[in-house]
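Below is one structure, written out as structure tokens, with a few remarks after it.
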Amino acid sequence: GTLGLAMRGYGSLSDRTFILSNNHVLADENNARIGDPIVQPGLLDEADIEFDVIGELYDFVPLNFETSTDIDNPIKNKVDAACALVSEFGSFNREIFWIGYPKGWRPRTAVEEAVAAGQVKVQKTGRTTGYTIGTIAAVSFDGWIGYDSGYAYFEDQILITPGHFSDAGDSGSCILDMDEHIIGLLFAGGATHTIANYIEDVWQALPPVDFSDGVI
């Protein structure tokens, strides 16, 4: 997956730096334990667990899985999100390759209003496909996502086209509008679409990060 963003903590955590990504990237679909080591590059990119540890798992939003998609009232998910505590403060910055420093974030209502007013372009940088530009196709997608651990039903997600906007390994990338405001967190995709959580839902679900002032 992709380490999407370096973030500062707040309150008693204001001197700490965190990494934002997905549960399935950092927390192994609920199977990891708080404090488990986080490595960069990832294990599939031949990381050395002895030398490439950059932090530890700090918090994650549990994913609710079902064994089948043939369920009338599945438990609903809003985000696939987790954060890691960086080992050395100052070893990361908040710049995203080929995009720059995010200028803040957009709430869901702002994204919906922008899409209603016309076509909205977005951008991201991910581990596999690098820098790409896409278009928001829908602002309230509900549907099943297949994981190794089972199926998870998500509601109120962002759909982005075209299909080659992302690929396997880009999960965890932050998605920004063309004014460099974060709108979503990439977590799934297929041949025709990429699927992202609203970043507002992510901020609300991960308590180490203060999102109330609109600045990350």
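Just so you know, these numbers use all the heavy atoms, side chains as well, and skip hydrogens, waters and symmetry mates. Heads up: numbering here begins at 1 and tracks the sequence. All figures in this text were calculated on a predicted structure; none of them were measured in a lab.
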Quiz item: How far apart are the C-alpha atoms of I19 and M7, what are their side-chain angles, what is the distance that settles it, and do they pass the side chain to side chain contact (heavy atoms under 4.5 Å, CB included) test?
Solution: CA-CA 6 Å; I19 294 168; M7 315 173 295; over 6 Å; no
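- A donor-acceptor pair shorter than 3.5 Å can be found between the side chains of N30 and N23.
- Between the side chains of D142 and Q157, not a single donor N or O lies within less than 3.5 Å of an accepting N or O.
- Note on residues 59-80: pairs passing ring-ring contact (aromatic ring centres under 6.0 Å, His included), not counting sequence neighbours, are F65-Y147.
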Self-check item: Trace of the side chain to side chain contact (heavy atoms under 4.5 Å, CB included) decision for L206 with V79
Solution: CA-CA 10 Å; L206 285 175; V79 299; over 6 Å; no
Exercise. Could you give me the CA-CA distance, side-chain angles and deciding distance for I133 and V122, then say whether side chain to side chain contact (heavy atoms under 4.5 Å, CB included) is met?
Key: CA-CA 6 Å; I133 295 175; V122 293; over 6 Å; no
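- Considering only heavy atoms from C-beta on, M178 comes within 4.5 Å of Q123 through its side chain.
- By the 4.5 Å heavy-atom criterion applied to side chains, S149 and N31 are counted as neighbours.
- Identified under the ring-ring contact (aromatic ring centres under 6.0 Å, His included) test for residues 109-139, with sequence neighbours left out: none.
- Here the shortest heavy-atom pairing between L57 and C83 reads CD1-O, 3.7 Å.
- For Y153, the ring-ring contact (aromatic ring centres under 6.0 Å, His included) partners two or more places apart in sequence, or in a different chain, are W144.
- Under the rule for a side-chain hydrogen bond (donor to acceptor under 3.5 Å, both in side chains), the partners of K121 that lie at least two apart in sequence or sit in another chain are T135.
- When hydrophobic clusters are built by joining Ile, Leu, Val, Met, Phe, Trp and Tyr residues whose side-chain heavy atoms come closer than 4.5 Å, directly or via intermediates, L20 is not grouped with I183.
- Under the side-chain hydrogen bond (donor to acceptor under 3.5 Å, both in side chains) criterion, T129 pairs with K124, D170, not counting sequence neighbours.
- In the hydrophobic cluster analysis, where Ile, Leu, Val, Met, Phe, Trp and Tyr join through side-chain heavy atoms closer than 4.5 angstrom, L176 is grouped apart from V115.
- The ring-ring contact (aromatic ring centres under 6.0 Å, His included) contacts involving residues 166-193 comprise F154-F187, where partners must be two or more places apart or lie in separate chains.
- Hydrophobic cluster membership is shared by L85 and V61, with clusters built from Ile, Leu, Val, Met, Phe, Trp and Tyr side chains linked at under 4.5 angstrom.
- Legend: residues meeting side-chain hydrogen bond (donor to acceptor under 3.5 Å, both in side chains) with S171, ordered by chain and number and at least two apart, are H24.
- The salt bridge (charged side-chain N to carboxylate O under 4.0 Å, His left out) check on E180 picks up K103, with sequence neighbours excluded.
- Listed by chain and number, the residues in a side-chain hydrogen bond (donor to acceptor under 3.5 Å, both in side chains) with T128 amount to none (sequence neighbours excluded).
- Residues that satisfy the salt bridge (charged side-chain N to carboxylate O under 4.0 Å, His left out) test with E112, not counting sequence neighbours, are R108.
- With sequence neighbours left out, D45 forms a salt bridge (charged side-chain N to carboxylate O under 4.0 Å, His left out) with R127.
- Evaluation of the side-chain contact (heavy atoms from CB on, under 4.5 Å) rule for D48 yields E50, F51, D52 as partners, not counting sequence neighbours.
- Under the 4.5 Å side-chain heavy-atom criterion for Ile, Leu, Val, Met, Phe, Trp and Tyr, L186 and V25 are members of distinct hydrophobic clusters.
- When hydrophobic clusters are built by joining Ile, Leu, Val, Met, Phe, Trp and Tyr residues whose side-chain heavy atoms come closer than 4.5 Å, directly or via intermediates, W203 is grouped together with Y58.
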